[in-house]
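Letters A, B, ... mirror the listed sequences (proteins, then strands); counts begin at 1.
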Protein chains: 2
Amino acid sequence: MATKAAVPQVAPRSAMEPLVQESTPSMIAGRVREAIASGLIPPGSQLGEANLARELGVSRGPLREGLQRLTAEGLLISIRNRGLFVIEMTPERVQDMYLARQAVERAAAERIHQGDPVAAGASLATVIDVMASARDQHAESAADVSFHELLVSLAASPRLSRMHGILITETRMCINALSDLYVQGDRVRVEEHRAIAQSFSDRDPALTDRLLVAHMSDAVHRLTGGRVEQG
Amino acid sequence: MATKAAVPQVAPRSAMEPLVQESTPSMIAGRVREAIASGLIPPGSQLGEANLARELGVSRGPLREGLQRLTAEGLLISIRNRGLFVIEMTPERVQDMYLARQAVERAAAERIHQGDPVAAGASLATVIDVMASARDQHAESAADVSFHELLVSLAASPRLSRMHGILITETRMCINALSDLYVQGDRVRVEEHRAIAQSFSDRDPALTDRLLVAHMSDAVHRLTGGRVEQG
DNA sequence: GCGCGTGCGATTGTCGACAATACTATTAGA
DNA sequence: TCTAATAGTATTGTCGACAATCGCACGCGC
């Protein structure tokens, strides 16, 4: 009978797709990473294993595995028989972090220019619109982060994306911890990003590079209050 | 008796200093990482937890924690309920790896030029002498790796060094796996490195940058056999 | 002969308990 | 009163065992 053929044998694609359950340590790492990035767990604080395990509803085994991952990312430091601590953001660390971000994002930008910079510029412009319409500083910072994440992802390089993700986590933590210093009174930040996006649309690699360097330099000076001179 | 006073109460400084024992998962990660980099554990192979734990004389708990660290580095991939596998080096991966290495090393080189490039050039020249006097290909590759590790460490950037260390591990693994393709008949490789070191001594940042890009491009073409065109 | 369901073996995932270490508060002595 | 040794407590480090899941081979039915 033809009636049976009318009954779908499988559920719609959208309902079946996301059944790829990631490992528990990975989920734990994601949760704790987010808690650190958002400032819920402040820098310098110790992570008690028993507390966290109870809070997340898992045993200490998987928890420790997830935390080891964050240690490998440099987000936590391990002191033997003492425990794990969230790193603190000194001016030197901020400077180094932005040096690394600059390395990654400049490489990503160069690669984008080798591909389809016009399409990339259009994508980035969308994020900038979100940034421009942000009502509070929190939303603006979120859009800022999104811009740079999209920038690197457009380079389609797994390694650059992975390295950048780690750095972005540190950046977010830093912004939350030093939010007083990150105040950007007017809309200068939006215009800086718009210029970067435009340089992609204009197919001007050298300009993109210069703008990125200046943008990073600005951020460092803003966050460190100019207390660190280059070594 | 005065003889007792002659006995030193404390050991010499050099013997007491390095008592900072690193955590067990960290040591495990180092061992396994080295085994993978040296080719002792070939790409694509599965890491049986029970075997490894017995081999290293530890329990599965710390072992799994150490392996999570390597997973975070991207050296292992985890498939739930299946186990951990060493990544395989496809041409795309090699290309991406060198893209990331290029990003890190170019940034390190730029930073060196902002500091003391002449001293850096001298340090690098020392490594090149070792490379030039290498008898077999293995020693030459080791010196090659040392050159690039020193290059990045001279930038004195913790994050660049950490990211580069991960990439160098992959590079070593790749060279061991594809050693047939990495044959460098004559002494071209030595001269390439010598030119890079010289560009530091000559305080020529632009030349360093160009040489590094060319050097990386050469390596990619050598390892992939020119099978991958840029995307 | 071919496809499918089922049982088996092996490996991973998780948990609780024990041991070791470091920090803290208390108390005795100078 | 201050120093120093000590007992106590809390936390981390490690281990062994149990449960869950997956791949594979055997056997049955069509």
Side-chain angles (χ1 to χ4, degrees), chain A residues 1 4-5 9-10 16-32 35-36 41-73 75-88, chain B residues 9-10 16-32 35-36 41-88:
Chain A
M1 298 288 284
K4 184 165 187 185
Q9 291 297 96
V10 294
M16 293 298 290
E17 195 80 32
L19 194 45
V20 283
Q21 44 190 348
E22 59 180 342
S23 70
T24 307
S26 175
M27 291 189 297
I28 292 172
R31 285 282 196 89
V32 178
I36 293 174
I41 302 177
S45 60
Q46 180 173 6
L47 291 113
E49 296 180 359
N51 281 341
L52 268 178
R54 221 178 315 114
E55 217 166 309
L56 293 172
V58 294
S59 182
R60 280 179 53 212
L63 180 90
R64 285 172 61 94
E65 292 181 26
L67 263 43
Q68 279 291 335
R69 198 174 283 213
L70 300 184
T71 303
E73 294 177 7
L75 209 60
L76 304 176
I77 59 172
S78 169
I79 304 178
R80 186 165 170 124
N81 290 322
R82 282 286 307 279
L84 295 164
F85 299 83
V86 181
I87 58 169
E88 302 208 51
Chain B
Q9 291 295 96
V10 294
M16 293 297 292
E17 196 81 30
L19 193 45
V20 284
Q21 44 189 347
E22 59 180 343
S23 70
T24 308
S26 175
M27 292 190 296
I28 293 172
R31 284 283 195 87
V32 178
I36 294 174
I41 302 177
S45 60
Q46 180 173 7
L47 297 169
E49 296 180 0
N51 281 341
L52 268 178
R54 220 179 314 114
E55 217 166 305
L56 293 172
V58 294
S59 183
R60 279 180 54 211
L63 179 89
R64 285 173 63 94
E65 292 181 26
L67 262 44
Q68 279 292 334
R69 199 174 283 212
L70 299 183
T71 303
E73 294 176 7
L75 209 60
L76 304 177
I77 59 172
S78 170
I79 304 179
R80 186 166 169 120
N81 290 321
R82 281 286 307 276
L84 295 164
F85 299 83
V86 182
I87 58 169
E88 301 208 52

Taking every heavy atom of A:Leu70 against every heavy atom of A:Ala29, the minimum-distance pair comes out as CD2-O, 3.8 Å

Have a look at the helix from C:dG1-D:dC30 to C:dA30-D:dT1 and give the angle its two end axes make, five pairs each, rounded to 10 degrees. 10°

Can you tell me how far C1' of D:dG13 sits from CD of A:Glu65, to the nearest Å? 14 Å

What is the distance, to the nearest angstrom, from the CG atom on B:Asn51 to the P atom on C:dT12? 9 Å

Using heavy atoms to find the nearest nucleotide of DNA chain C for A:Val58 and B:Leu84 separately, return the residue whose nucleotide is more 5′. B:Leu84

Under 4.0 angstrom between B:Arg64 side-chain N/O and C:dG13 OP1 or OP2: yes

Mind listing the closest non-hydrogen atom pair of B:Ser78 and B:Thr71 along with its distance? CB-CG2, 4.4 Å

Just the rounded figure in Å: distance from C1' of D:dT21 to CD of A:Glu22. 18 Å

Looking at D:dG13, does its base get a donor-acceptor pair with the side chain of A:Arg82 below 3.5 Å? no

Quick one: CZ on A:Arg80 to OG1 on B:Thr24, what's the gap to the nearest 0.5 Å? 4.5 Å

Between P of D:dT21 and CG of B:Asn81, the distance in whole Å: 7 Å

Short side-chain N/O contact from A:Thr24 to OP1 or OP2 of C:dT14, under 4.0 Å: yes

Determine the contact category for A:Gly61: base if any of its heavy atoms lies under 4.0 Å from a base atom, sugar-phosphate if only primed atoms, P, OP1 or OP2 are that close, otherwise nothing. nothing

Rounded to the nearest Å, what distance is computed from the CD atom of residue B:Glu49 to the P atom of nucleotide D:dA17? 17 Å

Quick check on A:Arg31: does its CZ atom have over 12 non-hydrogen neighbours (other residues, nucleotides or ligands) under 6.0 Å away? no

Measure from CZ on B:Arg60 to P on C:dA10 and round the result to the nearest Å. 15 Å

Interatomic distance where CG belongs to A:Leu63 and P belongs to D:dT11 [whole Å]: 14 Å

If I take atom CD1 in residue A:Ile79 and atom C1' in nucleotide D:dT12, what distance separates them, rounded to the nearest angstrom? 13 Å

